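Just so you know, these numbers use all the heavy atoms, side chains as well, and skip hydrogens, waters and symmetry mates. No experiment lies behind these values; they were computed from the predicted model shown.
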Amino acid sequence: MPGLVIALLGAESSGKSTLAHALALTLRGEGHDAVVVGEWLRDFCAAAGRTPRQDEQAGIAAEQQRRIELAAARHDLVLADTTGLQTAVYSEIVFGDRSLYPATGAAHRATVARTLLTGLDLPWQADGLQRDGPQVRAPVDRLLRAQLQALGLDHRVIYGLDEARTAAARAALDGLHGLAPAAAPAWRSADEGAPFSRWRARCLECLDPACERLDHARLAGPPSG
């Protein structure tokens, strides 16, 4: 039986790779056989010394999927630092090419148990060929959200700094097969460093997208009492 695949998607410089490794360490500390599948695009750029051409995008998405499936055949838990769906979004952003969505969406749906979308609350940082600039973060985020919604894929948006971000990601995995609920952290607000206050109860019923960060913090926080 293949291992459980958890995908991390998100705009550039939103902490996907750091979070994948931190989450893997957390899960290993709980006794799970967890492994990270890195972003093949990063290796491609390093080897080629350039970003991919349009005609190379499908191959990059396929190689990322192959690596995820190979890891899932060998390990219980796989933290996938992007899937082909992320490549498809970049194909639309860079080349105006939407042709990769059907195949990458189907592969994502068939392989991934839960998707974690990293929020845009971290400052943008340069990283050589890998990053185009802070101006592309919001468009990439919008396209990822649109695709996840269109495909009906179960996903959680992750915010917070350092340990709080990892704790939020771990809490987002509660309920997946074989994963016990995460130990409750000594929770404090990821934004202000202040304890939760009484506004939390109001966000239980708030459907305003502007309140997403507050609502997600509630999901990752302790039960109200």
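Leu173 has its side chain within reach of Ile6: a pair of non-hydrogen atoms, C-beta onward, lies under 4.5 Å apart. Here the side chains of Ser14 and Leu122 are not in contact, with every heavy-atom distance at 4.5 Å or above. Looking at heavy atoms from C-beta onward, Leu19 lies in side-chain contact with Ile158 at the 4.5 angstrom threshold.
Put simply, CZ on Arg165 and OG1 on Thr18 are 9.0 Å apart, with the number rounded to the nearest 0.5 Å. Summarising the geometry, atom CG belonging to Leu148 is positioned 12.0 Å from atom CZ belonging to Arg156; distances are rounded to the nearest 0.5 Å. Within the model, atoms OH of Tyr159 and CG of Leu120 stand 6.5 Å from one another, a figure rounded to the nearest 0.5 Å. Phe95 contributes atom CZ, which lies 8.5 Å from atom CG of Asp55 (distance to the nearest 0.5 angstrom). Put simply, CG on Asp154 and CZ on Arg114 are 4.5 Å apart, with the number rounded to the nearest 0.5 Å. With values rounded to the nearest 0.5 angstrom, His108 atom NE2 is found 3.0 Å from Thr115 atom OG1.
Heavy-atom minimum distance, Ala169 versus Leu23: CB-CD2, 4.1 Å. Scanning both residues, Thr166 and Ala22, for their nearest heavy atoms gives OG1-CB, 3.4 Å. Contact record, Val36 with Ala24: CG2-CB, 3.6 Å, taken as the closest heavy-atom pair. Heavy atoms only, all atoms of each residue included: Leu79 and Ala20 are closest at CG-O, 4.0 Å. Closest approach of Tyr101 to Leu143, counting heavy atoms only: OH-CD1, 4.2 Å. Minimum interatomic distance between Pro102 and Ser99 (heavy atoms only, all atoms of both residues): CD-O, 3.4 Å.
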Next on the checklist: Under the criterion side-chain contact (heavy atoms from CB on, under 4.5 Å), I'd like the reasoning laid out for Thr87 against Gln64: C-alpha separation, chi angles, the key distance, then a yes or no.
Outcome noted: CA-CA 9 Å; Thr87 307; Gln64 185 73 16; 5.5 Å; no
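Contacts classified as salt bridge (charged side-chain N to carboxylate O under 4.0 Å, His left out) and involving residues 19-29 (residues at least two apart or in different chains) are not found.
Judged as a salt bridge (charged side-chain N to carboxylate O under 4.0 Å, His left out), and not counting sequence neighbours, the contacts of Arg98 are Glu92. Partners of Arg67 under the salt bridge (charged side-chain N to carboxylate O under 4.0 Å, His left out) rule, at least two apart in sequence or in another chain, are Asp43, Glu63. Partners of Leu144 under the side chain to side chain contact (heavy atoms under 4.5 Å, CB included) rule, at least two apart in sequence or in another chain, are Leu9, Gln86, Val89, Leu117, Val140. Remark: Ala113 pairs with Leu4, Leu176 by the side chain to side chain contact (heavy atoms under 4.5 Å, CB included) rule, at least two apart or across chains. With sequence neighbours excluded, no residue forms a salt bridge (charged side-chain N to carboxylate O under 4.0 Å, His left out) with Arg142. By the side chain to side chain donor-acceptor pair (under 3.5 Å) test, Thr111 is found to be paired with Gln65, residues two or more places apart in sequence or in another chain being considered. Judged as a side chain to side chain contact (heavy atoms under 4.5 Å, CB included), and not counting sequence neighbours, the contacts of Ala48 are Phe44, Arg50. Partners of Asp76 by side chain to side chain contact (heavy atoms under 4.5 Å, CB included), not counting sequence neighbours, listed by chain and number: Asp33. Asp174 pairs by the salt bridge (charged side-chain N to carboxylate O under 4.0 Å, His left out) definition with Arg170, not counting sequence neighbours.
Cluster membership check: Val94 shares its hydrophobic cluster with Leu85, using side-chain heavy-atom separations under 4.5 Å among Ile, Leu, Val, Met, Phe, Trp and Tyr.
A salt bridge between Asp141 and Arg137 is absent, with no side-chain N of the basic residue lying under 4.0 Å from a carboxylate O of the acidic one. A salt bridge is defined here as a Lys NZ or Arg NE, NH1 or NH2 lying under 4.0 Å from an Asp or Glu carboxylate O, and Asp81 with Lys16 fails to meet this definition.
No hydrogens or angles considered: a donor-acceptor pair under 3.5 Å links the side chains of Ser91 and Gln57.
Heavy atoms from other residues, nucleotides or ligands lying under 6.0 Å from CD of Gln54 number more than 12.
Other residues sharing the hydrophobic cluster of Leu25, ordered by chain and number and joined by side-chain separations under 4.5 Å: none, the residue standing alone. Cluster partners of Val5, by chain and number: Val35, Val37, Ile68, Val78, Val112. The rule joins Ile, Leu, Val, Met, Phe, Trp and Tyr whenever side-chain heavy atoms lie under 4.5 Å apart.
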